[in-house]
Engineer: 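Dumping the structure here so I can ask a few things about it.
Please read all numbers here as calculations on a predicted model, not as lab measurements. Numbering of ligands and ligand atoms starts at 1, following listing order.
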Amino acid sequence: MTKTPLRIGLIGAGRMGHSHAQFIAANPDTELTAVADPVNSELSNAYGAEQFDNYEALIAGAKVDAVIIATPNETHVNTASFAIEAGIPCLLEKPVGVNLTEVARLASTVQSTGVPVLVGHHRRHHPLITAARKAIQSGAIGDIVAVNGLWLTTKPESYFDSWRRGPGAGVMLINLVHDLDIMRYLIGEISSVQAVMSNRIRGFEVEDTAGLLLQFEDGAIGTLTGSDTAAAPWGWDQNSGDDPQFAQQPDEPSLLIAGTKGSISVPQLKLWSYPRQRDWHSPLTTEFLERPVGGALQNQLTHFCAVVRGEAEPIVGVADAGRSLAAVEAAHEAARIQRAVTPGFAGLVTPKASAA
Ligand SMILES: NC(=O)c1ccc[n+]([C@@H]2O[C@H](COP(=O)([O-])OP(=O)(O)OC[C@H]3O[C@@H](n4cnc5c(N)ncnc54)[C@H](O)[C@@H]3O)[C@@H](O)[C@H]2O)c1
């Protein structure tokens, strides 16, 4: 039986809002019926949707089954809280919020209203990530010993003519929160973070570059190096083909995961292992795992439809995304005090990414 498409309201019609609008239009199960943005009205014109000046007006006045929130980071928690208190399920862009106190408040509103929020850590919906996780969980690389993550690129100056220079922005909250989220998803919860950060090249109030040293709950050790001002080929966006707007370097890895039996690179899904004994005198054999194709943002929207229809629980809920934010918050604190910090999970009692 054909379903009636879900009426989606889009809050925030900037860069990410434009992407969401395209995917909503391309999905037979969704239609864009309302847009809220105080300055941008071209999306409502292009898609024949009703235009509102702000999210309060959209929630109060539009007939929508769900909303997608793609506004600046500092507005996320208030906007999502307002929507779910009105009974409207949300796809909320990452980061879930800008500090753990406000995210704990949102997690409690989700619990008291029973209205779902899916957080836009879209990489979790990418089939290459699903395949990497399956390989790791099957024991293909044994116990994870160490992981090395990279996200290094150059964003144009024009990108920073906005909220992206000050509090609530920075490469940690805008980009590396994705990498930390995927590390949690593939490896496990992070128990300790050390970090150094720099704003040396761009000179903004927030960091442009960061280096993290991570310990995971099961004992694995990791590093994550990121910058939005480095001329370099390593990072999910350049390596995965996930978003064609970025120039691609498909042979370069953004995540190298080493275990007791073997190692895997992501997104290539190249697997190294010793055919016989574990011994550095023996050559490692290599194979490429099958690389499934598909779009993370498209899959995320399909999953969101199932969440709105009550057919699925969010793959990334508020408490779960809060743990990725907790790693960012711990990194900022660790860089400030120059000591290791344990990510704080107060108020984020359910569920862990690694538990799913
Ligand atoms: N998942 C991803 O990979 C990904 C990629 C890019 C951005 N994002 C996230 O998406 C969000 C938006 O980022 P962007 O790059 O599109 O920013 P942007 O500045 O291009 O767009 C934000 C839009 O929100 C509008 N806005 C501001 N306050 C509003 C309000 N109260 N009500 C309605 N609209 C309001 C602004 O006018 C602007 O058009 C951020 O949280 C960012 O972190 C996620």
Engineer: In the protein, which heavy atom is nearest to atom 3 (O) of ligand 1, and how far is it?
Structural biologist: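 Result for atom 3 (O) of ligand 1: His122 CE1, 2.9 Å.
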Engineer: At the 4.0 Å heavy-atom cut-off, does His76 count as touching ligand 1?
Structural biologist: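 Right, His76 reaches ligand 1.
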Engineer: Considering only protein heavy atoms, which is closest to atom 4 (C) of ligand 1, and at what distance to one decimal place?
Structural biologist: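 Its nearest protein heavy-atom neighbour is Met16 SD, 3.5 Å.
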Engineer: Can you tell me if Ser162 contacts ligand 1 (heavy atom of the residue under 4.0 Å from the ligand)?
Structural biologist: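 No heavy atom of Ser162 comes that close to ligand 1.
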Engineer: Is it the case that Trp236 and Asp179 place a side-chain donor and acceptor less than 3.5 Å from each other?
Structural biologist: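 Per modelled atom types, Trp236 and Asp179 side chains form no pair under 3.5 Å.
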Engineer: Using a strict 4.0 Å cut-off to heavy atoms of Pro72, name the atoms of ligand 1 that fall inside it.
Structural biologist: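 Listed by number with element: 22 (C), 24 (O), 27 (C).
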Engineer: In ligand 1, which numbered atoms sit nearer than 4.0 Å to a non-hydrogen atom of Gly120?
Structural biologist: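 Reading through ligand 1 atom by atom, the close ones are 1 (N).
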Engineer: What protein heavy atom sits nearest atom 19 (O) of ligand 1, and how far off is it?
Structural biologist: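 Going by distance alone, atom 19 (O) of ligand 1 is nearest to Trp163 NE1, 2.8 Å.
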Engineer: side-chain contact (heavy atoms from CB on, under 4.5 Å) for Val147 and Phe216? Distances and angles first, verdict last.
Structural biologist: CA-CA 10 Å; Val147 54; Phe216 293 83; 3.7 Å; yes
Engineer: Using heavy atoms and a threshold below 4.0 Å, how should the contact between Glu93 and ligand 1 be classified: side chain, backbone, both, or neither?
Structural biologist: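 Looking at Glu93 and ligand 1, just side chain atoms fall under 4.0 Å.
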Engineer: Tell me whether Glu102 contacts the main-chain N or O of Gly97 through its side chain, where contact means a donor paired with an acceptor under 3.5 Å.
Structural biologist: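 Not confirmed, Glu102 side chain does not pair with Gly97 backbone.
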Engineer: Taking only heavy atoms of Val39 into account, list the atoms of ligand 1 that are under 4.0 Å away from them.
Structural biologist: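 Going through ligand 1 atom by atom, the ones under 4.0 Å from Val39 are 37 (O).
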Engineer: Specify the protein heavy atom at minimum distance from atom 9 (C) of ligand 1: its residue, its atom name, and the distance to 0.1 Å.
Structural biologist: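 I find the closest protein heavy atom is Lys94 O, 3.7 Å.
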Engineer: How close does the nearest protein non-hydrogen atom get to atom 20 (O) of ligand 1, and which residue and atom is it?
Structural biologist: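 Nearest neighbour among protein heavy atoms for atom 20 (O) of ligand 1, to 0.1 Å: Arg15 N, 2.9 Å.
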Engineer: Name the orientation class of the two ring planes belonging to His121 and His178 (parallel below 30°, tilted from 30 to 60°, perpendicular beyond 60°).
Structural biologist: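 Ring orientation of His121 relative to His178: perpendicular.
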Engineer: Indicate yes or no: does Asp208 engage Lys155 in a salt bridge with an N to O separation below 4.0 Å.
Structural biologist: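 Result for this pair is no, no salt bridge flagged.
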Engineer: As a test of understanding, state which of Ile182, Ile187, Asp181 forms a side-chain contact (heavy atoms from CB on, under 4.5 Å) with Arg184.
Structural biologist: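 One option only clears the test, and that one is Asp181.
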Engineer: Does the N or O separation between Ile11 and ligand 1 drop below 3.5 Å for any pair?
Structural biologist: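 Min N/O separation from ligand 1 is not below 3.5 Å for Ile11.
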Engineer: With a cut-off of 4.0 Å, which atoms of ligand 1 are near a heavy atom of Asn73?
Structural biologist: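 By the 4.0 Å cutoff, the relevant atoms are 40 (C), 41 (O), 42 (C), 43 (O).
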Engineer: Return yes when Phe52 approaches ligand 1 closer than 4.0 angstrom through a heavy atom, no otherwise.
Structural biologist: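 Outside the 4.0 Å threshold, so no.
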Engineer: Check Asp37 against ligand 1 and report side chain, backbone, both or neither, counting heavy atoms closer than 4.0 Å.
Structural biologist: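 Within the 4.0 Å criterion, Asp37 contacts ligand 1 through backbone and side-chain atoms alike.
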Engineer: Check whether more than 12 heavy atoms from other residues, nucleotides or ligands sit under 6.0 Å from atom CD of Glu85, and answer yes or no.
Structural biologist: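 Result for CD/Glu85: enclosed.
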Engineer: Can you tell me if Arg278 has over 12 outside heavy atoms packed within less than 6.0 Å of its CZ?
Structural biologist: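 Incorrect, the count does not exceed 12.
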Engineer: Within the 4.0 Å heavy-atom shell around Gly14, which atoms of ligand 1 are there?
Structural biologist: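 What qualifies from ligand 1 is 16 (O), 20 (O), 21 (O), 23 (C), 39 (O).
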Engineer: State whether Asp320 and Arg124 are salt-bridged, where the test is any N-O pair (Lys NZ or Arg NE/NH1/NH2 against Asp/Glu carboxylate O) under 4.0 Å.
Structural biologist: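 Salt bridge between Asp320 and Arg124, a charged N being under 4.0 Å from a carboxylate O: yes.
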Engineer: Relative to the heavy atoms of Asn40, which atoms of ligand 1 are at a distance of less than 4.0 Å?
Structural biologist: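 This gives 39 (O) as the contact atoms.
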Engineer: Taking everything shown except Glu311 itself, do over 12 heavy atoms lie less than 6.0 Å from its CD?
Structural biologist: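 More than 12 heavy atoms, drawn from other residues, nucleotides or ligands, come within 6.0 Å of this atom.
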Engineer: For atom 33 (C) of ligand 1, find the nearest protein heavy atom and state the residue, atom name and distance (0.1 Å precision).
Structural biologist: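 Heavy-atom neighbour on the protein nearest atom 33 (C) of ligand 1: Ala36 O, 3.4 Å.
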Engineer: For Thr75, is the nearest heavy atom under 4.0 Å from an atom of ligand 1?
Structural biologist: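 It does not, in that no heavy atom of Thr75 comes within the 4.0 Å cut-off of ligand 1.
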Engineer: What distance separates Arg15 CZ from Gln245 CD, expressed to the nearest 0.5 Å?
Structural biologist: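 Answer for the CZ-CD pair, Arg15 versus Gln245, is 8.0 Å.
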Engineer: Do any heavy atoms of His121 fall under 4.0 Å from ligand 1?
Structural biologist: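 So His121 does not count as touching ligand 1.
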Engineer: I'd like to know whether Trp151 forms a side-chain contact (heavy atoms from CB on, under 4.5 Å) with Val171, so could you lay out the CA-CA distance, the side-chain angles of the two residues, the decisive distance to 0.1 Å, and finally the verdict.
Structural biologist: CA-CA 10 Å; Trp151 191 91; Val171 74; 3.9 Å; yes
Engineer: Given 3.5 Å as the limit, does a donor-acceptor pair link the side chain of Gln249 with the main chain of Ala232, or not?
Structural biologist: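 Side chain of Gln249 to backbone of Ala232, a donor-acceptor pair under 3.5 Å: no, none is there.
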Engineer: Number the atoms of ligand 1 from 1 as they appear, then name those within less than 4.0 Å of a heavy atom of Pro38, with their elements.
Structural biologist: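 Ligand 1 atoms under the 4.0 Å threshold to Pro38: 26 (N), 29 (C), 33 (C), 34 (N), 35 (C), 37 (O).
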Engineer: Under 4.0 Å between a Lys/Arg side-chain N and an Asp/Glu carboxylate O for Arg202 and Glu207?
Structural biologist: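 Salt bridge absent between Arg202 and Glu207.
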Engineer: Should Arg164 be listed as contacting ligand 1, given a heavy-atom distance under 4.0 Å as the test?
Structural biologist: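 True for this residue.
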Engineer: For Ile174, state whether at least one heavy atom is located under 4.0 Å from any atom of ligand 1.
Structural biologist: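 Contact absent.
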Engineer: Does Asn54 reach ligand 1 with a nitrogen or oxygen that is under 3.5 Å from one of the ligand's nitrogen or oxygen atoms?
Structural biologist: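 For ligand 1, there is no N or O atom that lies under 3.5 Å from one belonging to Asn54.
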